[in-house]
Protein chains: 2
Amino acid sequence: MAARKTIERQTGVALWRQIADRVRLAISNGDYDATGMVPPETALAREFGVNRHTVRSALAALAEEGLVRAVQGRGTLIERKDRVTYPISRRTRFSAGLGRQVKEIGSQLLAHREVQASGEVAAALALPPGAAVVELQSVSSGDGRPLSATIAYFPAGRFPEMAQLYARLGSITKAFAAQGLDDYVRVSTEIVARHADAEELKLLKLSAGAIVIEALSVNADVEGRPVEYSRTRFAADRMKFRIET
Amino acid sequence: MAARKTIERQTGVALWRQIADRVRLAISNGDYDATGMVPPETALAREFGVNRHTVRSALAALAEEGLVRAVQGRGTLIERKDRVTYPISRRTRFSAGLGRQVKEIGSQLLAHREVQASGEVAAALALPPGAAVVELQSVSSGDGRPLSATIAYFPAGRFPEMAQLYARLGSITKAFAAQGLDDYVRVSTEIVARHADAEELKLLKLSAGAIVIEALSVNADVEGRPVEYSRTRFAADRMKFRIET
DNA sequence: CCTAAATGTCTATTGATCTAGACAAGTATA
DNA sequence: TATACTTGTCTAGATCAATAGACATTTAGG
């Protein structure tokens, strides 16, 4: 551990935040599994070449996230170290994919309305521009931690009861089934990584400077007709993605 | 644009950096395509609720990246607005996928050596632990901009000349072909997004606080025998990914 | 019980970040 | 050419981030 880990100064990102990110990654990589604790503050300070107070700020941020817990006299204990793996395949389903990894999956419908499809939405759903679509905003969480925030669009003509059914059943797959669609497949997924904006920080309960992965995806029925277009923002530091081709 | 875009204060990420990130995203989304210019500094300052000097710091950072160019009296011109789309499918090939999007693809071999496979590498390549593997470190760029930094592992027994061939041919696919492997497919890809560390900032010529997408992937021949395990770090704000399932 | 090691708290100082205002200088257009 | 609009530059002050050092408090172990 004598090797001094490099961090960058004067770049608009505070040192304590850079250190927090590095320690979070080390935790999820299992680097501290031997002890179940983060190295002592003085050791981290030496390692990163900063003052101990700066390390303390970083650890305070991680404690705020519930990732670690400092105990005076003992050290800083790791409370949680998991990244949830999210599989992406032709049969991508949110709940099924997360199934065994989290004990309890929560889905909260934040808002729903019927709107005219924008050009982007209409193109993705293969509808004429301005066609009626159901818009659904929701947040999903695993074991109480928000994992993703989604805005999804469905053709209103075909799935008029989408919002009510999703609110009641808590699952898109079940809501589709209740409307006569038994099977659907993922047609395309586009992924971008970027910093979270203020709304996403709030929805996903992230500490600022956090990263979100934004996925634009289209699902279609077995005949290839699009049934859903969605924009999902994942809390990047709580997830990894496995792409099965 | 009267709507005030929310940014977060006191979070370890300087306001100018948050604004730079938002403007970069807006540019790549084509939000300013009508004029080919970023809105005036005073307008951005109003929009984000900050002082004009803070906006100037953000634009200076984007100018440093070569993304915009300020012209006194006129405004701030957009120099480049592209995100390269990187397709991920069973037939993912770096060069072929980028083909039409960039004029010139560069591949630079940074280092190569023969090492004993670590547990992780051996498992991915289905080799006994400690088996000899060829390790290749390279950086790829499109039109002069670094796009990805890769560490790749190949079974040394089967592909002893990998490093030399890649150095000469500039392509993994061609190096495989020269060693008698005509076809291979992507078996799995795992993706994580995180902040870049100092080495990645340097290799990919990123400004600090930048995001990298790390992809762990395995390629196999048509019989399903793994031929390559690689860890590629992409410059996230220069790329988007399309997953074809 | 003592000591070493760890986190907790406090004060003081320096440099970076952000705000505020004023004015200069270049560009486009009527 | 006059004017409005834009970027460029300067000064000054307030707040945040980071360093430095000292000492208190808690825990674990010999």
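Note on naming: letters A, B, ... go to the chains in the order of the sequence lines (proteins, then strands), and numbering restarts at 1 for each one.
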Taking only side-chain N and O atoms of Arg56(B), does any of them lie within less than 4.0 angstrom of OP1 or OP2 on dG8(D)? yes
For dA5(C), take OP1 and OP2 only and decide whether either is under 4.0 Å from a side-chain N or O of Thr42(A). no
Among residues at least two apart in sequence or on other chains, which ones pass side chain to side chain contact (heavy atoms under 4.5 Å, CB included) with Ala196(A)? Glu200(A), Leu201(A), Leu206(A), Val212(A)
Should the pair [X]-[Y] be classified as a salt bridge under the 4.0 Å nitrogen-to-oxygen rule?
X         : Y         : value
Glu65(A)  : Arg80(A)  : no
Arg233(A) : Glu214(A) : no
Arg83(A)  : Asp237(A) : no

Atom-pair distance ([atom1] on [X]; [atom2] on [N]), nearest Å:
X        : N       : atom1 : atom2 : result
Met37(A) : dT27(D) : CE    : C1'   : 10 Å
Phe48(A) : dT19(D) : CZ    : P     : 13 Å
Arg74(B) : dA4(D)  : CZ    : C1'   : 16 Å
His53(A) : dA22(D) : NE2   : P     : 12 Å
Leu77(A) : dT26(D) : CG    : P     : 17 Å
Trp16(A) : dA16(C) : CH2   : C1'   : 15 Å
Leu44(A) : dA6(C)  : CG    : P     : 11 Å
Leu15(B) : dA16(C) : CG    : C1'   : 13 Å

Looking only at dA17(D), dT19(D), dG8(D), the nucleotide nearest the Ala14(A) side chain is dA17(D)
Given dG8(D), dT6(D), dT19(C), identify the nucleotide with an atom nearest to the side chain of Asn51(B). dT19(C)
Position toward the 5' end of DNA chain D (nearest nucleotide), Arg52(A) or Gln72(A): Arg52(A)
May I ask you to say what Thr76(B) touches in the nucleic acid, namely base, sugar-phosphate or nothing, with a heavy-atom cut-off under 4.0 Å? sugar-phosphate
On DNA chain C, compare the nucleotides closest to Val71(B) and Leu59(A); which residue's is nearer the 5' end? Leu59(A)
Assess whether atom CD of Glu79(A) is packed by more than 12 heavy atoms of other residues, nucleotides or ligands within 6.0 Å. yes
